[in-house]
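Each remark here refers to the structure printed beneath this line.
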Amino acid sequence: MSKHSSSSLERNVRKETTNDSPDEVSEQTDLEPALKIWKKFIDLLSDNLKASEINTWFSVISPKSLEGDVLTVMVPSEDYYSLIESRYNKVIASIVESLLGKDGKLKYEIMQMGLFDSQSKDETPEKGPRILPLSSKKSLPEITSVTDVTEQDDFVTNLNQKHIFDNFIKGESNELAVAAAYAITNNPGHTYNPFFVYGGVGLGKTHIIQAIGNEVLKKFPDKKVYYTTAPDFTTQFTNNIAQSRIDFSQNKNGPKKLDFFYKSLDVLIIDDIQYLSGKEKTQDFMYQIFNTLYDQKKHVIFSSDKPVSQIKGIEERLISRFQWGITADIQPPNWEMRVAIIQQKFEEAKMEVPEEVVHFIASNVKDSIRTIEGCIVGIIADSVLRFKGEINLTIADNVISRVVGTARKSRNVSIENIIYTVANYYKISENQILSRKRTKEVAFARQVAMYLAKDLTNLTLETIGLNFGGKDHATVLYSYNTITAGAKKDSSIANQIEEIKELLRNL
């Protein structure tokens, strides 16, 4: 982080503590040492981390007090604290020691309960904003047609009540997206605005952006939260344009009413924004709405199946606005996360399933959560309708074969296994393969891993790219073609490929 960014953080904290009362003037004076140490902490942190990492993980932390060699800071939630500690514990400890001595400590105070912390109806957190009990949340209707929303007297959120944080499985593949999403619900309109989340089909983008809306309504029942998709947004806009040409009563049902509706929202959530591609007039309408909402400190949330930079046919001025806030990706779930998802789905269905069946499904269905859910539905249906409630490996194998192809053929061939095997073969770390390092050895190993991922799995190029740190499909295809050509010209490369495949077969 630059020195300018550090001073900006200090000013924000000062603004929050400034008051004319004697007690708060004293409190502000007590805060001065903490502010100075925290500024030095951020400056030293900038020597070790990228500015983007500091902005993402440390900009929402506020210094509270400095007592002796203990610096106390405020963090938004238990989850944020856990993520910071797991990612940056070593560098934090080193900086704290350099600033406060060997006995120096950084003490965290949590302002908000974590995503999955339990709380009874009558309990209220001791610190931070009060969490409203579930019973105070407005009743949310089932999803309805967006095209009729301007004709309704009663506001409809379009949110699905089932999409909440409590039933969203959190893991390495989505930890940034989840942490940022939950932070938004504590301070909508200000923290991480706009929020742009992207990932492949069926990885949970719709769930997480709707979870933001449902959580905001739980904490702030009076806010107007609205969810729609880019195709429905386009249909709504074009229908109102057509209606205005028919209805001559001063645009009673035309774009003016639609414009007023969207600009009156507190939180606007638009799914699958890539479908605005090539629709210039709809993009212009979106541009005007975005500017108004953003200027009024209202939150705007987008999702897409690809990173902002890869969306074609979207005006540059709109693309730049997508990038104003924070961008987070959701990658395909790893094996442990898939196991957790499968166990949760069977528990929700109140079905007891042998552990070997759970592991079998996790090893064979890897590309999306939606596919996992489809297989589970099929397994339950077969179990109930044909096998008197029994679930075993044979049933799971038959269903997976119908949904994704022959299961046993790909039982051990996953991207995780490919990366692990390639890294061991070339004696480098898995993190190096997933990094942006371009040394000859690492780049070649990465290309081999991408080649094998395309050759041995049924995953799309985009999904493979997401598993390699967000690479685009063109990079994956280039790697595949490079190794294919290299193996034809150089027998040693062909031999290496076969040796790695043999290692994968023996896993």
Side-chain angles (χ1 to χ4, degrees), residues 116 160 162-174 199-208 330-421 424 430 452-460 463-464 466-467 500-507:
F116 310 110
N160 187 334
K162 295 180 180 179
H163 291 330
I164 57 177
F165 286 114
D166 288 343
N167 58 19
F168 187 85
I169 301 295
K170 183 178 65 171
E172 290 183 4
S173 64
N174 59 30
V201 175
L203 296 181
K205 301 186 300 297
T206 297
H207 189 141
I208 199 168
I330 298 180
Q331 297 186 15
N334 58 25
W335 189 84
E336 291 83 359
M337 188 174 170
R338 294 197 297 272
V339 168
I341 291 169
I342 294 163
Q343 289 173 333
Q344 183 193 61
K345 295 301 178 183
F346 279 118
E347 286 174 6
E348 289 174 356
K350 299 181 179 179
M351 301 285 290
E352 292 187 7
V353 183
E355 186 175 346
E356 63 176 354
V357 172
V358 173
H359 290 178
F360 180 75
I361 299 170
S363 297
N364 287 283
V365 189
K366 303 177 286 292
D367 56 342
S368 78
I369 298 171
R370 192 172 299 165
T371 306
I372 291 174
E373 291 175 339
C375 289
I376 291 172
V377 169
I379 290 169
I380 292 174
D382 270 22
S383 169
V384 172
L385 298 176
R386 300 174 58 195
F387 299 101
K388 299 180 180 180
E390 180 186 0
I391 293 180
N392 55 41
L393 279 176
T394 301
I395 296 172
D397 195 353
N398 289 336
V399 171
I400 292 173
S401 296
R402 292 201 305 264
V403 176
V404 298
T406 303
R408 299 188 187 280
K409 179 181 178 181
S410 60
R411 179 175 293 187
N412 292 315
V413 180
S414 66
I415 287 186
E416 293 96 327
N417 285 340
I418 289 171
I419 293 173
Y420 169 80
T421 304
N424 281 349
E430 294 176 64
L452 291 169
K454 183 181 183 304
D455 189 51
L456 299 178
T457 75
N458 295 321
L459 302 180
T460 65
T463 300
I464 293 171
L466 288 173
N467 276 274
I500 295 173
K501 285 183 177 181
E502 183 61 28
L503 292 172
L504 286 167
R505 283 191 288 268
N506 292 331
L507 282 179

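This chain uses plain numbering: 1 for the first residue, then up along the sequence. If you're wondering where the values come from, they're calculated on a predicted model, not measured in any experiment.
Partners of E347 according to the salt bridge (charged side-chain N to carboxylate O under 4.0 Å, His left out) rule, which considers only residues two or more places apart in sequence or in another chain, do not exist here. Looking at residues two or more places apart in sequence or on another chain, you find a salt bridge (charged side-chain N to carboxylate O under 4.0 Å, His left out) between E416 and R338.
Taking OG1 from T457 and CD1 from I418, the interatomic distance works out to 6.0 Å, rounded to the nearest 0.5 Å. Between N392 atom CG and F360 atom CZ the span is 10.5 Å, to the nearest 0.5 Å. Going from atom NZ of K501 over to atom CG of D455 covers 4.0 Å, rounded to the nearest 0.5 Å. Here CD1 of I330 is found 10.5 Å from CG of L466. Values are rounded to the nearest 0.5 Å. Separation of atoms CG (L503) and OG1 (T421) is listed at 6.5 Å; rounding is to 0.5 Å. The CG atom of N398 sits 10.5 Å away from atom CG of L393, with the distance rounded to the nearest 0.5 Å.
The closest side-chain heavy-atom distance from I361 to I379 is below 4.5 Å. Residues M351 and I376 fail the side-chain proximity criterion, which asks for heavy atoms closer than 4.5 Å. For the pair L452 and L456, the minimum side-chain heavy-atom distance is below 4.5 Å. When side chains are defined from C-beta on, N174 does not count as touching I208, because their heavy atoms never get closer than 4.5 Å. When side chains are defined from C-beta on, Q331 does not count as touching L203, because their heavy atoms never get closer than 4.5 Å. Looking only at side-chain heavy atoms (C-beta outward), R402 and D382 come within less than 4.5 Å of each other. Residues H359 and E356 fail the side-chain proximity criterion, which asks for heavy atoms closer than 4.5 Å.
Summarising the geometry of A362 relative to V339, their closest heavy-atom pair is CB-CG2, 3.7 Å, with the distance given to 0.1 Å. Here the shortest heavy-atom pairing between G204 and I369 reads N-CD1, 4.5 Å. Taking each heavy atom of V357 and A396 in turn, the nearest pair found is CG1-CB, 4.0 Å. The two residues F346 and I380 have their closest heavy-atom pair at CE2-CG1, 3.8 Å. Between V365 and C375 the shortest heavy-atom distance is CG2-SG, 3.9 Å.
For E352, the CD atom counts as loosely surrounded, since its 6.0 Å shell holds 12 or fewer non-hydrogen atoms of other residues, nucleotides or ligands.
The backbone N or O of L504 sits nowhere less than 3.5 Å from a side-chain atom of N417 that would complete a donor-acceptor pair. When atom types are taken as modelled, the side chain of K205 and the backbone of G199 share a donor-acceptor pair closer than 3.5 angstrom.
Ring geometry, F168 versus H207: the interplanar angle exceeds 60°, so the pair is classed perpendicular (tilted spans 30 to 60°).
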